[in-house]
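Every chain is numbered from 1 and lettered A, B, ... according to where its sequence line falls, protein lines coming before strand lines. Note that the structure is a prediction, hence the values are computed from the model and not measured.
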Amino acid sequence: MKTKYDPQTIEARWQTHWAEQGTFNVEDDPSQPKYYCLEMFPYPSGRIHMGHVRNYTIGDVLARFHRMRGFNVLHPMGWDAFGLPAENTAIEKGIHPAEWTQANIASMRDQLKRIGLSYDWTREIATCNPSYYRWNQWIFLKMYQRGLAYKKRSPVNWCESCETVLANEQVIDNRCWRCDSEVFPKEMDQWFFKITAYAEELLASCDTLTGWPQRVLSMQRHWIGKSDGVEVDFQVIDSPPELPSIRIFTTRPDTIFGATFMSVAPESPAVDLLVKGRKEEQAVHEFVTRISRQDRNTRTDASSAKEGLFTGCYARNPLTGDAIPIWVANFVLYEYGTGAIMAVPAHDQRDFEFAQQYGLPIRLVIQNPTCTLDQNNLNEAYTQEDGYLVNSDNFSTLPIKDGRTQIARWIEEKQHGTRTVHYRLRDWGVSRQRYWGTPIPMIICPTCGLVPVPEQDLPIILPPDVPFTGKRGSPLKNVAEFAHTTCPDCGNQATRESDTMDTFVDSSWYFLRYTSPHQTDLPIEPDASQRWMAVDQYIGGIEHAVLHLLYARFFTKVLRDLGLTTVSEPFTNLLTQGMVCKETYHCPKHGFILPSDATDTHHCTHCGNTISIGRIEKMSKSKNNVVDPEELIKRYGADTARLFSLFAAPPEKDLEWSDDGVEGAARFLNRVWRLVAEYVEILKTLDPSPVQNTVTEIPQTSRDLRRQVHHRIRKVTQDIKREFQFNTAISAIMELVNVLYAFGFPITDAIKNDSKTLGVMKEALDALVMLLSPFAPHIAEEMWDALGNDSHVLHSSWPQHDPALLQEEPLTIIIQINGKTRGKVEGIPPDWTEEQVVEKARKEPKMSSWLQGKTTRKVIYVEQRLVNFVV
RNA sequence: GCGAGAGUGGCGGAAUAGGCAGACGCGCAAGAUUUAGGAUCUUGUGGGGAACCGUGAGGGUUCGAGUCCCUCCUCUCGCACCA
């Protein structure tokens, strides 16, 4: 073993070795419990960033840890390889998306291998390969058969100048990100997945996801947005024949007696019918046009002003029988509920503001039991759930809850409406008018209509020769040999669907594909998914808290119903890791600048202006605060990069980058290396006595050392298992190294000549290397080898602490007076009784000044911890 | 506005179940080694002269509170007119 730690050589050696031996390839071994460890697969942008390093290192620690603990570990990696950047590159640089993507995958795969991640690369998948996306098509057809995929007209973001559809994130301030022209909503035929059919199950089974962070679950629940309520018809007075009544949705049937007007969404077709031929017609039309021109963000901003206009029509409140005016209001959403509401100004803040603004009546129907409200003198709507009904006919005096159920029942009995559940969740629009995605396997036949592609004709492969212009809509539409086909039903000329699928489809089931990545007659081999699913630990960014995770849950349930898996939820445990952040340097003239462009005195090297050291922000190119993993690894090695990113913060919290901290991690590995190197030679020549059989015969100091070692074994094991506290696990390893240095570095003659102590030291060093190995695997393998052990450290068994040894640990007992710490007694044998300990504490010299001349009223003894004298 | 989370040394962060606040690391200081620097090793490092005081602020429960309860402040994230 060399005296100098040389990470580059070591890491190259072990990475080659691992690759040659196929060390991480997993064979299904039913004799072991399975552990499926998965990190969110990356988009192959070409280069990895520190966020990837952090994400994948966290997963790698868990994978390696579980392997050593005797689990059969599945730890795969792949590529989320479809998507816009490849197509944009094709438009801008003329490189084919496939070529660009494959090149990026190749270089990123190399980078990942350079981190020493324990992936089974034989299971690698790339979603842009037909062998993968054909199964997107297969699943699509199954969903179509079951009515879970359907086509309907729906608005998209349309850029007139580029003649193309834009994703939401490509619309900046209502303008096209590439050509800066205005973006309009355009109605187009689009494919949807009926995720709403699973809304109730997706919501209900949130309760079963006990291994998920609460905030992710609450975001999911909110996104699904279930509300229980009632749909009620309000008869229109002197109605046009097409519109006898207006249906509203409310979650507060208990307040219907307080409905003093109605509000309809400007987009609602009811508006036209109401105002037709009235004197209000023109003004209302102008109002509607003006509102519909506003972009969605301004429109739905809660702080923007409420506006409305009277339609001239009245409806009858079914409970009071009163005629109430019908208004058009900008804040009523056409997409939600029925696009019309009853307005209860006394008990809804929005309606209250609206009523005040336009002088509409306010009628109190819920009374606050603790502080009587006066309907002529309200400052705001009373919306609390605590109260009883008033001014509500027979229902008056009922508590809110009872009023709600009784009025709802009454409405159903009198056939004024029905109890209904509404969800905020919309069906999932999967159509993309793009090239680089999965072609939707449908055919549009002039005589038969929409016809699914027969299963045996799959996959529908993307045509390779396509002009990429960024204009004239989907590129696939313009490829004649792709678009023109024959109808499978009638054999006549037909057109192929040119939409491709949203890339979220790809990532909604890839974790299932990993269980049988080479299966050719089904997307998933049911036995393999039975063996490996669900994912025991899923790790990724919080940015996917809603969409990806919701879609993946939805797909799992659909595939379950297709008989391809038996699990209902894909991810048992979810860890959302924090962002990697770094301080920013901001020059008033040059904006965010690189740290290297700032002088020591915080001046800009370009213009001399004083630089403000900005906030700690997520690493991004635009902030000029990124650290390139490749450079980091070149300089310090992968083990240091891994160790630092695990040590600097617990996984779920943001990690603040620190160059000094990286230096510290490197220093620590050097320190371990020197320690092991010091002992390797002597251990080779002297053949130390095995420690297990000599426990009682070893010297006290060695015995103490063993206890320290076993103490850390327990700590590290607990920290990894419980809550992924890698930072504290590493600090325990650091403590262990400090203990070993204090004990025997540099090595003394006394140690050298005592084979029993050397045996203890060997045990300690082996344990140290094993404990370190999930975090810094290359250096661990190298040292494991040098210490003369067989096989790999990865194939060794994770060390177990000896509980008997820890029980011998002498105790330190804290002495308190009236609850304040005033002293301590050390070295108390763990088997002492309460009397012995209290007596010893009382006699402690420092305590006499506290206890003298005072009566001890009470003594509180906490076993193994403290004695508290209450005087 | 609503929801979730967080406020601990100069810094990143520790503190099972209410029981030594500040583990570990960074930074800093001193010493050793060295021709010197770097590297390394050792020691010290919350504040205060001290008794003592210290976990965002104030109150409470308790023998004892960073931890539990109440009120408030600040920050971060998510949602944002969802009837």
Between protein and nucleotides 25-29 of chain B, what N or O pairs are separated by less than 3.5 Å?
residue: B/G25; atom: OP1; partner: A/Asn738; partner atom: ND2; Å: 3.3
residue: B/C26; atom: OP1; partner: A/Arg667; partner atom: NH1; Å: 2.8
residue: B/G27; atom: OP2; partner: A/Arg667; partner atom: NH1; Å: 3.4

Quiz item: Does atom CZ of A/Arg635 have more than 12 heavy-atom neighbours from other groups under 6.0 Å away?
Solution: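 No, the 6.0 Å shell around CZ holds no more than 12 heavy atoms from other groups.
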
Practice problem: For A/Gln214, look at atom CD and say whether over 12 heavy atoms of other residues, nucleotides or ligands are found less than 6.0 Å away. | Solution: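 At most 12 heavy atoms, drawn from other residues, nucleotides or ligands, come within 6.0 Å of this atom.
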
Quiz item: Is the distance between the ring centroids of A/Phe354 and A/Phe331 under 6.0 Å?
Solution: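 When the ring centroids of A/Phe354 and A/Phe331 are compared, they turn out to be within the sub-6.0 Å range.
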
Quiz item: A/Phe331 side chain: which of B/A23, B/U40, B/C81 is closest?
Solution: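 Closest nucleotide among those given: B/C81.
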
Exercise. Identify which nucleotide among B/G19, B/A14, B/C79 has an atom closest to any side-chain atom of A/Pro650, counting heavy atoms from C-beta outward.
Key: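 Selected nucleotide (nearest to the side chain): B/A14.
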
Whole-Å distance between [N] [atom2] and [X] [atom1]?
X	N	atom1	atom2	result
A/Tyr741	B/U42	OH	P	8 Å
A/Leu655	B/G13	CG	P	8 Å
A/Met342	B/C81	CE	P	20 Å
A/Tyr334	B/A83	OH	P	18 Å
A/Ile324	B/A83	CD1	P	19 Å
A/Phe352	B/A83	CZ	C1'	17 Å
A/Glu353	B/G1	CD	P	13 Å

Restricting to nitrogen or oxygen on both sides, can you table the protein-nucleotides 16-18 of chain B pairs closer than 3.5 Å?
residue: B/U16; atom: O2; partner: A/Arg722; partner atom: NH1; Å: 3.1

Quiz item: Considering residues at least two apart in sequence or located in another chain, which fulfil the ring-ring contact (aromatic ring centres under 6.0 Å, His included) criterion with A/Trp212?
Solution: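 Result, ring-ring contact (aromatic ring centres under 6.0 Å, His included) vs A/Trp212: none returned.
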
Check the phosphate of [N] against [X], side-chain N and O only, distance under 4.0 Å to OP1 or OP2. Yes or no?
X	N	result
A/Asn727	B/A14	yes
A/Gln725	B/A15	yes
A/Arg424	B/C79	no
A/Thr728	B/A23	no

Partners meeting side chain to side chain donor-acceptor pair (under 3.5 Å) with [X] (sequence neighbours left out):
X	answer
A/Trp428	A/Asp502
A/Tyr551	none
A/Asn727	none

Exercise. Check the pair A/Tyr585 / A/Glu583 against side chain to side chain donor-acceptor pair (under 3.5 Å), numbers first and verdict last.
Key: CA-CA 7 Å; A/Tyr585 288 72; A/Glu583 66 184 0; 3.0 Å; yes

Exercise. Test A/Arg252 against every option in A/Thr255, A/Asp254, A/Thr250 by the side-chain hydrogen bond (donor to acceptor under 3.5 Å, both in side chains) rule and name the one that passes.
Key: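 Only one option passes, and that is A/Asp254.
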
Quiz item: At their closest point, which heavy atom of A/Trp673 faces which heavy atom of A/Lys4, and how far apart are they?
Solution: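 That would be NE1-C, 3.4 Å.
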
Exercise. May I have all residue pairs that pass salt bridge (charged side-chain N to carboxylate O under 4.0 Å, His left out) and include part of residues 657-667 of chain A, sequence neighbours excluded?
Key: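 Applying salt bridge (charged side-chain N to carboxylate O under 4.0 Å, His left out) to every pair that reaches into residues 657-667 of chain A, excluding sequence neighbours, yields nothing.
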
Exercise. May I have all residue pairs that pass salt bridge (charged side-chain N to carboxylate O under 4.0 Å, His left out) and include part of residues 218-233 of chain A, sequence neighbours excluded?
Key: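 Sorted result for residues 218-233 of chain A: A/Glu200-A/Lys226, A/Asp207-A/Arg221, A/Glu231-A/Arg247, A/Asp233-A/Arg247.
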
Practice problem: Using a strict cut-off of less than 4.0 Å between a Lys/Arg side-chain nitrogen and an Asp/Glu carboxylate oxygen, indicate whether A/Glu307 and A/Arg290 qualify as a salt bridge. | Solution: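 Yes, charged N to carboxylate O under 4.0 Å.
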
Quiz item: Between residues 213-220 of chain A and RNA chain B, which residues have a heavy-atom gap below 4.0 Å?
Solution: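 Contacting residues: A/Arg215, A/Met219.
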
Quiz item: Got a sec, which residues hit side chain to side chain contact (heavy atoms under 4.5 Å, CB included) with A/Pro7, two or more places apart in sequence or on another chain?
Solution: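 Expected list: A/Tyr5, A/Glu11.
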
Exercise. Determine the contact category for A/Val332: base if any of its heavy atoms lies under 4.0 Å from a base atom, sugar-phosphate if only primed atoms, P, OP1 or OP2 are that close, otherwise nothing.
Key: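 Base contact.
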
For nucleotides 62-67 of chain B, list the nitrogen or oxygen atoms of the protein found under 3.5 Å from its nitrogen or oxygen atoms, one pair per line.
residue: B/C63; atom: O2; partner: A/Asn868; partner atom: ND2; Å: 2.1

Quiz item: Dot-bracket for RNA chain B: what is it, with Watson-Crick or G-U pairs under 3.5 Å, [ ] where a pair crosses earlier ones, and | for a pair to another strand?
Solution: (((((((..(((......[....)))((((((.......))))))((....))..(((((..]....))))))))))))....

Quiz item: With nearest nucleotides of RNA chain B determined for A/Glu656 and A/Arg426 from heavy-atom distances, which residue corresponds to the more 5′ nucleotide?
Solution: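 This one resolves to A/Glu656.
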
